[in-house]
Engineer: 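Pasting a structure here, questions to come.
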Amino acid sequence: MLNKKTVVRTLEKIALYLELKGENPFKVSAFRKAANALELDERSLDEIDDYTKIKGIGKGTGAVIEELIRTGESQQLKELEQQVPKGLIPLLKIPGLGGKKLAKLYHELGVDSAESLREACESKKIRSLPGFGPKTEEKILKELERFGEKKERLPIWYLESVVQEIETLLSSIQEIERFSVAGSFRRVNETSKDLDFVIATKHPEIVKEQLLNRLAVKEIAGSGETKVSVVLDLDELVSVDFRLVSNNEYITALHHFTGSKEHNVRMRQLAKEQGKKISEYGVEQADGQVMTFQSEEDFFAHFGLPYIPPAVRETGQELDRLDELDRLVAIEDIKADLHMHTTFSDGAHSVQEMGEALIGRGYQFGAITDHSQSLKVANGLTPERLKKQRAEIEAFNESHPGFTLFAGTEMDILPDGSLDYDDDVLKELDFVIASIHTSFSQPQEKIMERLFNAITNPHVHMIAHPTGRIISQREGYHPDVEQLIYWAKEYGKILELNASPYRLDLCVEHLKLAMELGVPIAINTDAHAIEQLDYMAIGTMYAQKAWLKKELVVNTWSVEQFKEFIRKNK
DNA sequence: GCCGTTTTCGGCCCGACTGTTTTCAGTCG
């Protein structure tokens, strides 16, 4: 059976070629919409009997799908591939060049690759075409040079520090009334193409000047009355857009620039049905009056909607799942953090300091889970040191009534599949996390054998960062996650959503499966220092992307519920 | 190309910015 992804990609490819032909943009987007609609449909290819019943797929696109399933190829795509050279596709990525301009360049000058585009610029042929000029030539040449130099997407853990730096700067500019990061970073995407900030100010010129002077600006990509786009020269080149609006317009602008595009489209369609019109400057009523809002809650309420958190504003389908929103896990529900390190192993703060930091965050319980003995680089704990730590934890609990610190471990699952502590050590601990830190490149069978040994051990409560991935940097040890989730279900264990922006492991797709099966999930920061306890916010918002319900999230349980769970697993 | 009980034709989200133009098309998000 043909892969659904292949069908989706084929439809997208047709859209791309149509775009390059300079076709009607609505036709182009119809193919994209059809691809999207098919992808979002939860059924597999052979479970769908009539494709044209899916909204967004009609006679034309439905026929392409049918043909693909029947013959494995699309006649329409084949014809397009003959009409439009392949080399044009990567050129669509050049800023300023879209389908129409590229179509013109191809037909008039025979441009069909990066190389021939460069030649056309250098021989100054482009400026003679209507709609093109010398500046376009220069810009294309510059973009061609930089082709490949700038990273396509940057990971959330890198952008996080950039955002903090920019926020510090924005806080120091007096003319700014309020500001927020927006865009895909605010929606907690794993990677983003650029950063967006929305700024409320009465003095856009001054703010603009301050930004351009005080940031490490490598290039000003655009600068208008309400928008400044720059490329920052940091460890990586980072594109940042600043939108400057009045305080009144701030909320609608924030909503607009938080997106996603698909979410905004759905919102605008809904507004239209209500006789209203949404723009970044406000909501125009039927009588022409423009309304603005004090908060995003008010904005959504204006359309009769509950607050939709940024993390789920993704496909537009969130507007069909409004009744699930109040069951979504949120940071206010979090009562505990169950994975953290102290100075006993590789953490920066003591048991006492971590415990007090948890109390300071309003939590009701937590677990200290330092590394185990074989992880020498992290100063893992021997059973003797584990006992010493337990004494500290008990002393802490005595002096802090109303809060419970559990004595735990993040125990290594060793390369041979054995566990780093004997059962008689484990049974003395309140909370046992097992995880893999070594021998990532073993074959999947071996990795699964290790995980199976851990998950079937009666003293183990949770598997931490189940895949070992680092976003955009390392793929982890490639476990069969689906199998692992089924095991967790069968043996009644917790799986972790590691909240560190480096990890976010399990990922959204796997969290969805875990939720379907009712496997409990713990959102944990894996903090190695007090500040990292703040990762809980990122982890919780990331969990929302999988529509994780609060009752499945261990950290929302009461301490009694949690005690009951760990007692059962002894 | 897709869609629709106000429409089977005429819309399709909306606006900023740029570089080309003397009022606007193309691109972008």
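A note on names: the letters A, B, ... follow the listed sequences, proteins ahead of strands, and every chain is numbered from 1.
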Engineer: What string of B, S and - do you get for nucleotides 18-24 of chain B 5' to 3' if you count protein non-hydrogen atoms under 4.0 Å?
Structural biologist: SSS----
Engineer: Give me the distance, rounded to whole Å, that separates dG1(B) from dT6(B) when you measure between the P atoms they each carry.
Structural biologist: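 Comparing P positions in dG1(B) and dT6(B) gives a spacing of 27 Å.
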Engineer: Taking the side chain of K59(A) as its heavy atoms from C-beta onward, which of dC2(B), dG29(B), dG26(B) lies nearest to it?
Structural biologist: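 The answer is dC2(B), which lies nearest to the side chain.
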Engineer: Nearest whole Å is fine: how far is dG1(B) C1' from E12(A) CD?
Structural biologist: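 After rounding, the reported distance stands at 16 Å.
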Engineer: So if I define the base as every atom that isn't primed, P, OP1 or OP2, how would nucleotides 7-12 of chain B read as a B/S/- string at a heavy-atom cutoff under 4.0 Å?
Structural biologist: -----B
Engineer: Between P on dG26(B) and CG on L92(A), what's the gap in Å once rounded to a whole number?
Structural biologist: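 In whole Å, dG26(B) P lies 15 Å from L92(A) CG.
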Engineer: The side chain of T61(A) is closest to which nucleotide in this list: dG29(B), dC2(B), dG15(B)?
Structural biologist: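 Nucleotide nearest to T61(A)'s side chain: dC2(B).
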Engineer: T525(A): what forms a side chain to side chain donor-acceptor pair (under 3.5 Å) with it, not counting sequence neighbours?
Structural biologist: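 Result, side chain to side chain donor-acceptor pair (under 3.5 Å) vs T525(A): D337(A).
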Engineer: Roughly, in whole Å, what's the span from NZ in K261(A) to P in dC28(B)?
Structural biologist: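 So the NZ-P distance, K261(A) to dC28(B), works out to 11 Å.
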Engineer: Quick check against the 3.5 Å criterion: does K545(A) have a side-chain atom that pairs as donor or acceptor with the backbone of A311(A)?
Structural biologist: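 Yes, K545(A) side chain to A311(A) backbone: donor-acceptor pair under 3.5 Å.
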Engineer: Quick one: which of dA16(B), dG1(B), dT27(B) gets closest to the side chain of K100(A)?
Structural biologist: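 Closest nucleotide among those given: dT27(B).
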Engineer: In whole Å, I'd like the distance from the CG atom of D194(A) to the P atom of dC28(B).
Structural biologist: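 For the pair D194(A) CG and dC28(B) P, the rounded distance is 13 Å.
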Engineer: Are OP1 or OP2 of dG15(B) and a side-chain N or O of K227(A) less than 4.0 angstrom apart?
Structural biologist: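 Looking at the OP1 and OP2 atoms of dG15(B), neither is under 4.0 Å from any side-chain N or O of K227(A).
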Engineer: How long is the line joining CD of E262(A) and P of dC28(B), in whole Å?
Structural biologist: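 After rounding, the gap between these two atoms is 16 Å.
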Engineer: On DNA chain B, check which nucleotide each of L97(A) and A30(A) is closest to and give me the residue with the more 5' one.
Structural biologist: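 That would be A30(A).
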Engineer: In whole Å, I'd like the distance from the CE atom of M267(A) to the P atom of dC14(B).
Structural biologist: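 Rounded to the whole Å, the gap is 13 Å.
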Engineer: If only side-chain N and O atoms of S29(A) are considered, is one of them under 4.0 Å from the OP1 or OP2 phosphate oxygen of dG1(B)?
Structural biologist: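 No, because none of the side-chain N or O atoms of S29(A) sits under 4.0 Å from OP1 or OP2 of dG1(B).
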Engineer: Under a 3.5 Å limit for both distances, which nucleotide forms a Watson-Crick or G-U wobble pair with dG4(B), could you say?
Structural biologist: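 dC9(B) is the nucleotide pairing with dG4(B).
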Engineer: If you measure from the P atom in dA25(B) to the same atom in dT20(B), how many Å do you get, rounded?
Structural biologist: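 The same atom, P, in both gives a distance of 16 Å.
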Engineer: Any idea which of dC14(B), dG26(B), dG1(B) is nearest the K277(A) side chain?
Structural biologist: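 Nearest listed nucleotide: dC14(B).
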Engineer: Is E119(A) paired with K125(A) through a side-chain N to carboxylate O contact shorter than 4.0 Å?
Structural biologist: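 Not counted as a salt bridge, because no side-chain N and carboxylate O are separated by less than 4.0 Å.
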Engineer: In this structure, how many angstroms lie between the C1' atom of dG1(B) and the NZ atom of K21(A), rounded?
Structural biologist: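 Rounding to the nearest Å, NZ of K21(A) and C1' of dG1(B) are 14 Å apart.
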Engineer: Which listed nucleotide (dG1(B), dC14(B), dA16(B)) is nearest to the side chain of Y281(A)?
Structural biologist: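 For Y281(A), the side-chain atoms sit closest to dA16(B).
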Engineer: When you compare dC9(B) with dC14(B), how far apart are their P atoms, in angstrom units rounded to a whole number?
Structural biologist: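 dC9(B) and dC14(B) have their P atoms separated by 24 Å.
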Engineer: If the P atom of dC2(B) is compared with that of dT7(B), how far apart are they to the nearest Å?
Structural biologist: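 Taking atom P in both dC2(B) and dT7(B), they lie 22 Å apart.
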Engineer: Using the P atom as the point on both nucleotides, what is the distance between dT5(B) and dC12(B), in whole Å?
Structural biologist: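 To the nearest whole Å, 16 Å.
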Engineer: Look at the side chain of D333(A) and the backbone N and O of V329(A), then say whether any donor-acceptor pair between them is shorter than 3.5 Å.
Structural biologist: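 Checked: no pair found.
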Engineer: Checking all strands, does I94(A) fall into the base, sugar-phosphate, or nothing category for heavy-atom contacts under 4.0 angstrom?
Structural biologist: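 I94(A): backbone/sugar contact only, no base atoms under 4.0 Å.
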Engineer: Whole angstroms only, please: what is the CZ-C1' distance between R243(A) and dG15(B)?
Structural biologist: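 Distance check: R243(A) CZ to dG15(B) C1' gives 10 Å.
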Engineer: Just by distance, do the side chain of Y250(A) and the backbone of V245(A) share a donor-acceptor pair under 3.5 Å?
Structural biologist: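 No; zero donor-acceptor contacts below 3.5 Å.
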Engineer: For dT21(B) and dG26(B), measure between their P atoms and round to the nearest Å.
Structural biologist: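 dT21(B) and dG26(B) have their P atoms separated by 13 Å.
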Engineer: Considering the options E296(A), E262(A), E318(A), which one meets the salt bridge (Lys or Arg N to Asp or Glu O under 4.0 Å) requirement together with R313(A)?
Structural biologist: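 When E296(A), E262(A), E318(A) are each tested with R313(A), the salt bridge (Lys or Arg N to Asp or Glu O under 4.0 Å) holds only for E296(A).
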